[in-house]
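Below is one structure. I have some questions about it.
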Amino acid sequence: MEQIRYVKIPLAETRTEPDTRVEYALNVQGPVRSWTVWHRYNDFVTLAYELTREFPGVSTPAELPPKSYTSWFSKITTATGNMSGGSGSNSNAEFIEERRYALERYIQSMIMSEDDRWRTSTALQRFLAPSAKTSKYLATKGNAVAPNTSETGSVESDMSWVTPASWLSDQRDAEQIVRDVRQSILRRENALTRNE
C-alpha cells in the first residue's frame, strides 16, 4: 500500500438502503493519487478492535468517539457540568457533525503519529484502501457474494472510485514526475559530459 499523506472526513451521509445508517466519506491522499472510501461507525469500531489485536496493550494516539448520543452527551455534560442539550434532529445533526470531526481526529492521529506502527498497520491500510470502499457490515448482512467479487471469487475491476477531478489530479502528478525524471536525466548527462 502506498504511503498516505493525509485523511479528511468532509462528509457524513444518512443512507437508507439496506437499513438506515450514517456513512462517512474518507478522502485519502496518497503521494500520487487520492480516493474516497465510505465507512459507517461500526467499521471504525472494527478497525479499533483489529488494531488492539495487532498491537495488544498499546492505545491508539486518539480515542475512538462513542457510538451513541447518550454516551457522548454524558461525557460532555460530565466534563462541562452543563445539562442543557438540544432536542430533535438539530441535536442529532450536531452529534453526527461532532462524531465526524472526532473520527477524523482519530484517523489523523494515526496517520500523523511519530510512531510508524499506526501508519503501517495492516488494519489501517486495509481500512483506507480504495478496494475497501464497501463497508464490511454490508458483506456480513447476508449478501451471498461480496460486492467486489464474482461468483467464482475473482476480483472484478471496479473503477467507480475514480472521479474526473481525481483523474486530473493524478494526471498532473504523473506529468510532474515525468518532468522531474527528465530533469534528473539531464543533470546526469551534464555531469557525465563535464567529466569526459
Side-chain angles (χ1 to χ4, degrees), residues 1-55 59-69 72 92-141 143 146-149 155-170 172-173:
M1 179 80 180
E2 57 194 275
Q3 183 181 4
I4 295 169
R5 292 185 177 174
Y6 68 86
V7 177
K8 298 224 181 258
I9 305 178
L11 179 66
E13 251 183 41
T14 302
R15 302 206 174 156
T16 57
E17 292 297 324
D19 58 355
T20 302
R21 69 202 180 281
V22 176
E23 288 198 6
Y24 300 90
L26 286 80
N27 292 347
V28 183
Q29 176 65 53
V32 176
R33 63 184 178 137
S34 61
W35 61 92
T36 301
V37 291
W38 288 86
H39 287 292
R40 61 184 295 164
Y41 180 79
N42 289 347
D43 297 332
F44 286 89
V45 172
T46 302
L47 170 65
Y49 173 74
E50 289 175 358
L51 288 169
T52 58
R53 289 187 56 201
E54 197 170 336
F55 307 111
S59 298
T60 55
E63 187 178 327
L64 182 68
K67 179 176 178 75
S68 69
Y69 182 74
W72 184 268
N92 190 39
E94 289 173 8
F95 168 69
I96 290 171
E97 176 58 23
E98 288 173 2
R99 185 197 277 170
R100 181 203 62 76
Y101 179 71
L103 290 172
E104 183 176 85
R105 275 193 333 227
Y106 175 70
I107 295 294
Q108 278 289 356
S109 71
M110 289 183 272
I111 298 298
M112 300 300 180
S113 175
E114 291 180 8
D115 188 352
D116 285 342
R117 85 175 86 194
W118 303 113
R119 274 188 300 282
T120 59
S121 77
T122 306
L124 184 64
Q125 295 293 321
R126 268 197 323 260
F127 185 76
L128 297 174
S131 62
K133 68 179 172 39
T134 306
S135 164
K136 290 180 191 175
Y137 175 80
L138 293 176
T140 61
K141 278 298 259 189
N143 293 352
N148 291 334
T149 60
V155 176
E156 297 173 0
S157 175
D158 181 9
M159 298 297 287
S160 62
W161 57 271
V162 178
T163 64
S166 70
W167 187 90
L168 285 173
S169 175
D170 292 348
R172 281 188 217 104
D173 292 343

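Quick caveat, the model's predicted, so the values are computed rather than measured.
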Please check: side-chain N/O of Trp118 versus main-chain N/O of Leu124, any donor-acceptor pairing under 3.5 Å?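 Answer holds: no.
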When you measure from the side chain of Glu104 to the backbone of Ile9, do you find a donor-acceptor pair of N or O atoms at a distance under 3.5 Å?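 It does hold such a pair.
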By side chain to side chain contact (heavy atoms under 4.5 Å, CB included) - contacts of Glu13 (at least two apart): Leu11, Arg15, Trp38
Hey, mind stepping through Thr36 and Val28 against side chain to side chain contact (heavy atoms under 4.5 Å, CB included) and telling me if it holds? CA-CA 6 Å; Thr36 301; Val28 183; over 6 Å; no
If I compare all heavy atoms of Phe95 with all of Pro66, which pair ends up nearest, and what's the gap? CZ-O, 4.3 Å
Going by the angle between their ring planes, with limits at 30° and 60°, are Phe44 and His39 parallel, tilted or perpendicular? perpendicular
Quick one: are Glu97 and Arg100 in side-chain contact, heavy atoms under 4.5 Å? yes
Considering non-hydrogen atoms only, spot the tightest contact between Ser121 and Phe55 and give its length. CB-CE1, 3.6 Å
When you look at Leu47 and Ile107, which way does the side chain to side chain contact (heavy atoms under 4.5 Å, CB included) test go after all the steps? CA-CA 10 Å; Leu47 170 65; Ile107 295 294; 3.8 Å; yes
Between Asn27 and Val37, is any pair of side-chain heavy atoms under 4.5 Å apart?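 No, side chains not in contact.
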Taking all atoms of both residues into account, what is the closest heavy-atom pair of Ala12 and Val22, and its distance?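 What the structure gives for the nearest pair is CB-CG1, 4.1 Å.
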Close side-chain approach of Asn42 and Lys67, heavy atoms under 4.5 Å: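 Asn42 vs Lys67: side chains touch.
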Answer whether the closest heavy-atom distance between the side chains of Leu51 and Met110 falls below 4.5 Å.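 Yes. Closest side-chain heavy atoms under 4.5 Å.
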Ring pair (Phe, Tyr, Trp, His ring centres under 6.0 Å) with Tyr24: which residues, sequence neighbours excluded?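 In terms of ring pair (Phe, Tyr, Trp, His ring centres under 6.0 Å), with neighbours along the sequence ignored, Tyr24 is linked to no residue.
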Would you indicate whether the side-chain heavy atoms of Thr20 and Thr14 approach each other to under 4.5 Å? yes
Can you confirm whether Tyr41 sits close enough to Arg21 that some side-chain heavy atom of one is under 4.5 Å from a side-chain heavy atom of the other? no
Sequence neighbours left out, what passes salt bridge (Lys or Arg N to Asp or Glu O under 4.0 Å) with Asp173? Give chain and number order.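 Asp173 satisfies salt bridge (Lys or Arg N to Asp or Glu O under 4.0 Å) with no other residue.
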Mind checking what makes ring pair (Phe, Tyr, Trp, His ring centres under 6.0 Å) contact with Tyr101, not counting sequence neighbours? none
Where is the tightest heavy-atom contact between Arg117 and Asp115, given as atom of each residue plus distance? NE-OD2, 2.6 Å
Look at the side chain of Thr60 and the backbone N and O of Glu63, then say whether any donor-acceptor pair between them is shorter than 3.5 Å.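 A pair under 3.5 Å: no.
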Work out which heavy atom in Pro10 is nearest to a heavy atom in Ala25; give both atom names and the distance.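 Here Pro10 and Ala25 meet closest at CD-O, 3.3 Å.
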I want to check something: taking the side chain as every heavy atom from C-beta on, are Pro130 and Arg33 in contact at a cut-off of under 4.5 Å?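 The answer is yes, as the side chains (C-beta and beyond) meet within the 4.5 Å cut-off.
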For Thr122, check side chain to side chain contact (heavy atoms under 4.5 Å, CB included) against everything at least two apart and list the hits. Glu54, Arg126
Just jot down the salt bridge (Lys or Arg N to Asp or Glu O under 4.0 Å) partners of Arg5, sequence neighbours excluded, or say none.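 With sequence neighbours excluded, Arg5 shows a salt bridge (Lys or Arg N to Asp or Glu O under 4.0 Å) to no residue whatsoever.
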How many angstroms lie between atom OG1 of Thr120 and atom CD of Gln125, to the nearest 0.5 angstrom?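 Reported to 0.5 Å precision, the distance equals 7.5 Å.
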So OG1 of Thr46 and CZ of Arg40: to nearest 0.5 Å the spacing works out to 10.0 Å
Do Lys8 and Tyr6 come within less than 4.5 Å of each other through their side chains, counting heavy atoms only? yes
Measuring from Arg105:CZ to Leu64:CG, what's the distance to the nearest 0.5 Å?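 It is 11.0 Å, given to the nearest 0.5 Å.
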